[in-house]
A.B. asks: 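The structure's right below; bear with me while I get my questions together.
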Amino acid sequence: MYIRRTKTKAASHGEDSYTYRIVESVRVGAQVKQRTILNLGKDFAIEPAHWPLLTARIEQFLQGSAPHQAELFDLADGFRSASGGRR
């Protein structure tokens with residue numbers, strides 16, 4: 001599972017814009033395809049350095065494993081350190 005940035009072209013003004021999606025790879029016969037789990041939209045403000053932490057937490061949630069309190073603090077600390085201490 002990962003976050004993909006997809007380029008889209010707006011017909012009205014012709015400029016490129018981007019949308020963000022959480023996708024997972026699935027095998028369909030002999031091919032590997034990506035299936036969209038969640039469309040995050042165009043105003044996704046989380047920095048790419050944080051994406052692996054976010055997708056790991058979402059994957060935990062989808063698998064039904066409840067994180068321990070310490071894991072939540074580790075995740076929050078990871079976000080803080082990757083953003084230079086900003087909240």
Side-chain angles (χ1 to χ4, degrees):
M1 180 180 302
Y2 60 96
I3 296 175
R4 178 180 19 197
R5 184 176 108 162
T6 304
K7 184 163 84 169
T8 58
K9 184 172 269 193
S12 61
H13 51 78
E15 292 182 21
D16 293 336
S17 61
Y18 297 91
T19 61
Y20 298 86
R21 299 173 186 165
I22 296 178
V23 298
E24 69 177 351
S25 296
V26 292
R27 183 168 292 280
V28 179
Q31 297 179 327
V32 176
K33 298 188 174 196
Q34 285 74 42
R35 176 174 54 196
T36 299
I37 302 296
L38 179 66
N39 187 346
L40 301 168
K42 66 178 184 174
D43 297 323
F44 184 63
I46 297 176
E47 295 177 20
H50 303 293
W51 294 0
L53 292 170
L54 177 61
T55 55
R57 179 61 189 108
I58 291 170
E59 199 160 9
Q60 270 186 338
F61 180 76
L62 291 175
Q63 292 174 354
S65 60
H68 299 293
Q69 188 72 20
E71 290 176 8
L72 291 175
F73 285 119
D74 290 343
L75 183 64
D77 289 342
F79 276 117
R80 254 185 247 112
S81 66
S83 67
R86 292 176 279 147
R87 287 189 176 194

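Along the sequence shown, residues carry numbers from 1.
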A.B. asks: Contact between R5 and F44 at the side-chain level, heavy atoms closer than 4.5 Å - yes or no?
C.D. replies: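 SC-SC contact between R5 and F44 ruled out.
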A.B. asks: Quick one: CG on L38 to CD1 on I3, what's the gap to the nearest 0.5 Å?
C.D. replies: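 So the gap between those two atoms works out to 9.0 Å.
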A.B. asks: Please, which pairs that meet salt bridge (Lys or Arg N to Asp or Glu O under 4.0 Å) have at least one residue in residues 17-33, sequence neighbours excluded?
C.D. replies: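 Every salt bridge (Lys or Arg N to Asp or Glu O under 4.0 Å) pair that includes a residue of residues 17-33, provided the two are not neighbours, is E24-R35.
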A.B. asks: Atom CZ of R4 and atom OG1 of T19: how far apart are they, to the nearest 0.5 Å?
C.D. replies: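 Between atom CZ of R4 and atom OG1 of T19 there are 9.0 Å.
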A.B. asks: Treat each ILVMFWY residue as a node, draw an edge where side-chain heavy atoms are under 4.5 Å apart, and state whether I37 and Y18 are in one component.
C.D. replies: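 Yes; tracing contacts between hydrophobic side chains, which count when under 4.5 Å, links both residues.
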A.B. asks: If you link ILVMFWY side chains whenever their heavy atoms are less than 4.5 Å apart, which other residues fall into the same cluster as V32? By chain and number, please.
C.D. replies: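 Joined to V32, directly or through intermediates: none.
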A.B. asks: Between W51 and I46, is there a donor-acceptor pair closer than 3.5 Å when you use the side chain of the first and the backbone of the second?
C.D. replies: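 Side chain of W51 to backbone of I46: a pair is present.
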A.B. asks: Search all heavy atoms of Y20 against all heavy atoms of K42 and return the closest pair with its distance.
C.D. replies: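 Minimum heavy-atom separation between Y20 and K42: CE1-O, 4.0 Å.
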A.B. asks: In terms of hydrophobic clustering (I, L, V, M, F, W, Y; side-chain heavy atoms under 4.5 Å; direct or indirect links), are Y2 and I22 co-clustered?
C.D. replies: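 Different clusters.
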